[in-house]
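Predicted model only: the values in this text are computed from it and were never measured. Atoms within each ligand, like the ligands themselves, are counted from 1 in listed order.
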Amino acid sequence: MSSRERGGPVPPAGGTGPEGAAASARGASGGAAAGEVAARGPGTGGAAARTFRAHAGVQAEPAPASPAAGAAAADPRAVPGEAGTAGAGGPGSSRSQTLELPFVAPALRQWLSSPKPLFIGGRWQEPRSGRYLTVTDPATGEPLAEVAEAGEEDVDLAVQAARRALEGSWGKLPPAERGRLLWKLADLVEENAQEFAQLESLNTGKPVTETTMADVPLAVEHFRYFAGWATKWTGETLPVSFPGEYLAYTRREPVGVVGAIVPWNFPLLIASWKLAPALAAGNTVVLKPSELTPLTALRLAELVRQAGFPPGTVNVLPGYGEPAGRALVEHPGVDKISFTGSPAVGRKIMTAAARDFKRVTLELGGKSPNIVFPDADLDSAVAGAMMGIFFNQGEVCCAGSRLFVHKEHFDRVVGAIAERAGRLRQGPGIDPMTQMGPLISRTHMERVLGYIERGRAEGAELLVGGEPNPEAGPGYFVKPTVFLGRDDMTIAREEIFGPVLTVLPFESLDEVVRRANDTPYGLAAGIWTRDVAKAIKVAHRLKAGTVWINGYNLLDATSPWGGFKQSGIGREMGRYALEHYTEVKSVWVNLG
Ligand code: NAD
């Protein structure tokens, strides 16, 4: 346990960033509007950011003796701890010992030590709900940060702010200016990439090597890709046959106010999948991150403000599914919900949206097949299978959790996977040596362990793992687990969302295609073979939104993402995403 007491809010680390400076000036002049509290993030592009870059996430400077608490006491902009109803671990209680690791940059520690308000209408506001929630470090189970929790009134304020921006300053911006702002946001995230990578790793538990190589750069690319689309998403002229002479054409108009609801497994990346196309198409957004992982969304809000987006264009409201998520879905001022999460919640959202026919896109779960044919490059297939299931602790919607291996090489392939799984290094994600981090929460760990128990009870053969890993730390660690199972077992049918692989032998191509498709899900699939024609034929027969041939987990801003069947409705990424963020309008001009 950290010996450092929670000292309450602290001023910006270094205080050198343009946003921090602006906030100070306003606070000093007493000019902040009622209810607003100033943002207190690390100075972007300042000394703190340079420290992150210099140490490349490997070795940060030693933590300074803590002047923070004293400074905070003098900070008139501080959010008072009593403002919230933080429970155990609230302001004043001990914080996660992970924060004391030398890998954690001091500026990040400071940023985390102040409670985070809501971002509404371009300002930092205390929650009308009066509540704060405690964000937990999954590597220790200890408190990491305090974050305002949005209630129904907060959602209403944010939707109103988004509506004002839509009908006002943001709605009037030329497309090129929207693109410029998105590009600027990408630049700012990139300038602070090390910080985002560390923050995401601390909050989710995932290895910082993964957040550095995947989550953050992919989010940056996403903003850039859609920055380009702002000026390129066009309508068309129509060769109508109606008697007379007409000019008929289509235009693409924004849907309006978008409620974006994000899960905990890729918080920054999935937020970018929604924000970037929504903004490129001219919508405004109320973003609700998961109650478990709101931190990078809040940091992103600071950069949205710094980039110069008109107030209300993007609003960030951490909160629980109930009441905040539900209030957003049911709000009559929201025109579209873009949701990523579990099928159970997706179903509720679709039902609620039916009342006023809100537009809805859903990115849901999966039970993806990964198929190793006998003519595959087996070393690559083994590496691909490992990546398919153990990347991000298996907390991946497209995890290749059903591995079909041809009987010819079954023992060799499965033996290699079990051996490598047993050697994966587990620990806090923030440690650069960690290969697999903790699961997100105790509840989720117990759910995953429940599936493992079910696998055993139904007669699956446990090849490796199958239990918690207390040696990795006091948090929510489950060992990488491999079962030899059957298609009808629960572990081969339900989404576990953890590091649990079920290997299944097969004999023929038709057989494996049939079995691979025998699932209510249809998000992704993998194929391993050297026979190109076979690979393509199988790819066309698999019922999945994405098929990878001789690869796994390949994602790019240009490539559409979404599910067949119960894996969802609609597509994110690529130009296909823009379809869901615009309405098509036909305009007829009588030339007679
Ligand atoms: P979840 O459905 O529990 O929560 C997702 C989000 O919905 C959270 O922000 C939560 O607060 C909110 N929410 C909960 N109840 C709500 C309600 N009644 N109304 C409105 N919002 C509500 O999912 P999770 O546990 O955070 O994430 C895991 C699930 O997400 C898995 O099923 C996984 O497959 C899926 N997922 C899918 C994709 C994809 O691209 N298809 C990507 C990542 C995760």
Side-chain angles (χ1 to χ4, degrees), residues 133 135 138 147 149-152 155 203-204 206 214-215 218 222 259-274 286-294 296-297 316-331 334 337-353 358 360-368 391-401 439-441 443-445 447-448 451 494-498 519-524 544-546 553 555 559-574 577:
L133 58 86
V135 178
V147 166
E149 186 216 316
E152 289 174 355
V155 169
N203 196 170
T204 60
K206 64 174 86 183
D215 303 62
L218 287 174
H222 224 74
I261 302 179
V262 171
W264 45 259
N265 62 337
F266 289 91
L268 176 68
L269 186 56
I270 293 178
S272 79
W273 291 0
K274 300 185 185 309
V286 178
L287 172 69
K288 195 203 82 61
S290 165
E291 59 274 20
L292 297 171
T293 56
T296 45
V316 179
L317 299 188
Y320 292 95
E322 177 69 49
R326 184 188 47 73
L328 192 56
V329 171
E330 291 181 355
H331 199 294
V334 173
I337 293 290
S338 174
F339 170 77
T340 301
S342 61
V345 175
R347 208 164 277 122
K348 280 189 200 169
I349 287 176
M350 209 164 161
T351 306
K358 269 193 183 72
V360 175
T361 42
L362 304 171
E363 298 292 342
L364 308 173
K367 193 71 192 175
S368 298
F391 175 69
N392 208 53
Q393 304 80 238
E395 295 169 323
V396 182
C397 48
C398 56
S401 52
L439 298 181
I440 190 68
S441 66
T443 308
H444 188 54
M445 178 176 77
R447 184 172 174 270
V448 170
Y451 273 113
E494 295 186 12
E495 183 182 44
I496 299 175
F497 222 56
T519 166
Y521 294 111
L523 189 57
T546 297
N553 283 342
L555 295 177
S559 179
W561 181 253
F564 283 26
K565 301 193 273 182
Q566 293 185 26
S567 285
I569 293 178
R571 292 292 178 272
E572 297 198 299
M573 302 207 234

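- Remark: Glu363 pairs with no residue by the salt bridge (Lys or Arg N to Asp or Glu O under 4.0 Å) rule, at least two apart or across chains.
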Write out each pair where an N or O from ligand 1 and one from the protein are under 3.5 Å apart, with the distance.
{"unit_1": "ligand 1", "atom_1": "2 (O)", "unit_2": "Ser342", "atom_2": "N", "d": "2.8"}
{"unit_1": "ligand 1", "atom_1": "2 (O)", "unit_2": "Ser342", "atom_2": "OG", "d": "2.6"}
{"unit_1": "ligand 1", "atom_1": "9 (O)", "unit_2": "Val262", "atom_2": "O", "d": "2.8"}
{"unit_1": "ligand 1", "atom_1": "9 (O)", "unit_2": "Lys288", "atom_2": "NZ", "d": "3.0"}
{"unit_1": "ligand 1", "atom_1": "11 (O)", "unit_2": "Lys288", "atom_2": "NZ", "d": "2.9"}
{"unit_1": "ligand 1", "atom_1": "11 (O)", "unit_2": "Glu291", "atom_2": "OE1", "d": "2.7"}
{"unit_1": "ligand 1", "atom_1": "11 (O)", "unit_2": "Gly321", "atom_2": "N", "d": "3.3"}
{"unit_1": "ligand 1", "atom_1": "23 (O)", "unit_2": "Ser342", "atom_2": "N", "d": "3.4"}
{"unit_1": "ligand 1", "atom_1": "25 (O)", "unit_2": "Trp264", "atom_2": "NE1", "d": "2.8"}
{"unit_1": "ligand 1", "atom_1": "26 (O)", "unit_2": "Trp264", "atom_2": "NE1", "d": "3.1"}
{"unit_1": "ligand 1", "atom_1": "30 (O)", "unit_2": "Gly341", "atom_2": "O", "d": "3.2"}
{"unit_1": "ligand 1", "atom_1": "32 (O)", "unit_2": "Glu495", "atom_2": "OE1", "d": "2.7"}
{"unit_1": "ligand 1", "atom_1": "34 (O)", "unit_2": "Glu495", "atom_2": "OE1", "d": "3.3"}
{"unit_1": "ligand 1", "atom_1": "34 (O)", "unit_2": "Glu495", "atom_2": "OE2", "d": "2.5"}
{"unit_1": "ligand 1", "atom_1": "40 (O)", "unit_2": "Trp561", "atom_2": "NE1", "d": "2.9"}
{"unit_1": "ligand 1", "atom_1": "41 (N)", "unit_2": "Leu364", "atom_2": "N", "d": "3.3"}
{"unit_1": "ligand 1", "atom_1": "41 (N)", "unit_2": "Leu364", "atom_2": "O", "d": "2.7"}

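- Not counting sequence neighbours, the partners of Lys358 by the salt bridge (Lys or Arg N to Asp or Glu O under 4.0 Å) test are Asp356.
- Stacking of Lys348 on the aromatic ring of Phe339 is not recorded, the 6.0 Å distance cut-off and the 45° axial limit not both being met.
- When all heavy atoms of Val135 and Leu292 are compared, the pair lying nearest together is CG1-O, 3.6 Å.
- The aromatic rings of Trp273 and His222 sit tilted relative to each other, their planes meeting at an angle between 30° and 60°.
- The salt bridge (Lys or Arg N to Asp or Glu O under 4.0 Å) check on Glu572 picks up Lys274, with sequence neighbours excluded.
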